[in-house]
Amino acid sequence: MTSQFRRERHSVTDLKIHLVCVTKYRQSVFTAESLGLLEKSFHEVAEKMDFKVLEFNGEGNHIHVLIEYPPKLSVSQIVNALKGVSSRRYGQAGYKKPHKEALWSPSYFAISVGGAPLEILKEYIKHQEKPSF
């Protein structure tokens with residue numbers, strides 16, 4: 001996979017996260033159709049907030065998403081927007097939520113992905129030339 005950098009006025013970045021969100025009480029409520037609705041919601045939020053959903057998939061009680069985002073956004077801002085909008089649209093579409101008004105567990109898993117492995121970065125930094133003066 002070739003890396004496309006995000007170029008903005010004062011930065012060049014390549015920030016990607018693998019996000020996993022689970023349903024409230026890990027109840028299996030998703031179908032192929034409801035996952036399609038969630039994916040559509042995620043893409044709409046991404047467009048409005050200026051980040052990209054690179055990949056989306058899920059099972060009965062959780063979803064996996066690969067996201068590329070700008071440095072002006074925090075992971076928590078992205079997650080809050082995605083969960084809030086998708087939960088609302090999920091309910092409006094008539095799908096049953098695991099608990100009253102809650103579709104998602106309040107927790108999530110996010111990990112940065114892409115780029116060089118840590119050991120290679122450590123070696124690169126360690127071997128930078130120090131100024132001689």
Side-chain angles (χ1 to χ4, degrees):
M1 179 166 118
T2 58
S3 180
Q4 199 63 23
F5 294 123
R6 178 185 284 260
R7 298 176 190 283
E8 296 187 6
R9 189 169 180 195
H10 297 290
S11 64
V12 178
T13 60
D14 186 21
L15 303 172
K16 293 184 179 76
I17 55 165
H18 174 191
L19 174 66
V20 180
C21 298
V22 299
T23 59
K24 187 87 169 175
Y25 308 125
R26 283 196 76 99
Q27 286 188 8
S28 290
V29 294
F30 298 144
T31 63
E33 185 179 293
S34 65
L35 284 171
L37 173 78
L38 292 175
E39 182 175 11
K40 183 179 179 216
S41 296
F42 275 42
H43 281 282
E44 289 170 1
V45 170
E47 188 175 328
K48 284 185 180 166
M49 291 181 68
D50 190 31
F51 65 88
K52 292 180 184 157
V53 174
L54 303 175
E55 199 67 45
F56 180 99
N57 207 345
E59 295 183 13
N61 64 2
H62 69 281
I63 54 131
H64 291 264
V65 191
L66 179 60
I67 295 170
E68 183 274 326
Y69 63 101
K72 66 183 177 187
L73 293 177
S74 69
V75 173
S76 63
Q77 286 174 312
I78 292 169
V79 173
N80 286 340
L82 290 172
K83 283 181 165 184
V85 171
S86 63
S87 180
R88 190 167 41 258
R89 295 215 176 125
Y90 190 87
Q92 288 169 345
Y95 293 110
K96 186 180 182 316
K97 294 182 181 181
H99 178 265
K100 296 180 189 171
E101 295 299 314
L103 171 61
W104 300 110
S105 163
S107 59
Y108 62 90
F109 172 81
I111 187 166
S112 61
V113 294
L118 283 178
E119 289 307 314
I120 292 174
L121 286 172
K122 285 179 183 178
E123 284 300 310
Y124 175 78
I125 292 169
K126 191 186 300 182
H127 291 93
Q128 293 295 296
E129 288 187 34
K130 289 187 172 59
S132 58
F133 55 93

Between the CZ atom in R6 and the OH atom in Y69, the distance rounded to the nearest 0.5 Å is 10.5 Å
Does K52, at its NZ atom, have more than 12 non-hydrogen atoms belonging to other residues, nucleotides or ligands within less than 6.0 Å?
no
Looking at every non-hydrogen atom in both residues, tell me the closest pair between P98 and K24 and how far apart they are.
CB-O, 3.4 Å
What are the two closest heavy atoms between F56 and I63, and how far apart are they?
CZ-CG2, 3.9 Å
Which heavy atom of L37 sits nearest a heavy atom of R89, and at what distance?
CD2-O, 3.7 Å
Side-chain heavy atoms of F42 within contact of I67, under 4.5 Å
no
Counting only heavy atoms from other residues, nucleotides and ligands, does the tally under 6.0 Å from CD of E129 exceed 12?
no
Please list, chain by chain and in numerical order, all residues satisfying salt bridge (charged side-chain N to carboxylate O under 4.0 Å, His left out) with K72, sequence neighbours excluded.
D50
Identify whether L118 and Y124 are in the same connected component of the hydrophobic contact network (ILVMFWY, side-chain heavy atoms under 4.5 Å).
no
Can a donor-acceptor pair be found, under 3.5 Å and without considering hydrogens, that links the side chain of S34 to the backbone of F30?
no
Would L38 end up clustered with Y25 when hydrophobic side chains under 4.5 Å apart are linked, directly or stepwise?
no
Spell out, yes or no, whether L103 and V22 are grouped together once hydrophobic residues are joined by side-chain heavy atoms under 4.5 Å, including indirect joins.
no
Gap between atom NE2 of H62 and atom CZ of R26 - 0.5 Å precision:
6.5 Å
Beyond-backbone contact of E33 with Y95, side-chain heavy atoms, under 4.5 angstrom:
yes
Less than 4.5 Å apart, side chain to side chain, heavy atoms only: is that true for K126 and K122?
no
Any non-hydrogen side-chain atom of V79 less than 4.5 Å from a side-chain atom of W104?
no
Identify the heavy atoms of K97 and R88 that sit nearest to each other, and give their distance.
NZ-N, 4.5 Å
As an exercise, state the distance from CD of E68 to CD of E55, rounded to the nearest 0.5 Å.
14.5 Å
Enter the distance from L82:CG to H43:NE2 here, rounded to the nearest 0.5 Å.
10.5 Å
Look at the side-chain heavy atoms of Ile, Leu, Val, Met, Phe, Trp and Tyr, link any pair under 4.5 Å apart, and say whether I111 and V20 land in one connected group.
yes
CD of E59 to OG of S28: how many Å apart, nearest 0.5 Å?
8.5 Å
With a 4.5 Å cut-off on side-chain heavy-atom distances among I, L, V, M, F, W and Y, is there a chain of contacts connecting V85 to L19?
yes
Test your reading of the model: is there a side-chain donor-acceptor pair from K83 to the backbone of S105, 3.5 Å cut-off?
yes
Is any side-chain heavy atom of F51 closer than 4.5 Å to one of V45?
yes
Residues, nucleotides or ligands: over 12 heavy atoms within 6.0 Å of E47 CD:
no
Smallest separation among heavy atoms of L73 and M49, with atom names:
CD1-O, 3.4 Å
Taking all non-hydrogen atoms of both residues into account, name the closest pair between K16 and L54 and its distance.
CE-CD1, 3.7 Å
Count the heavy atoms of every other residue, nucleotide or ligand shown that sit under 6.0 Å from CG of N57, and state whether that count exceeds 12.
no
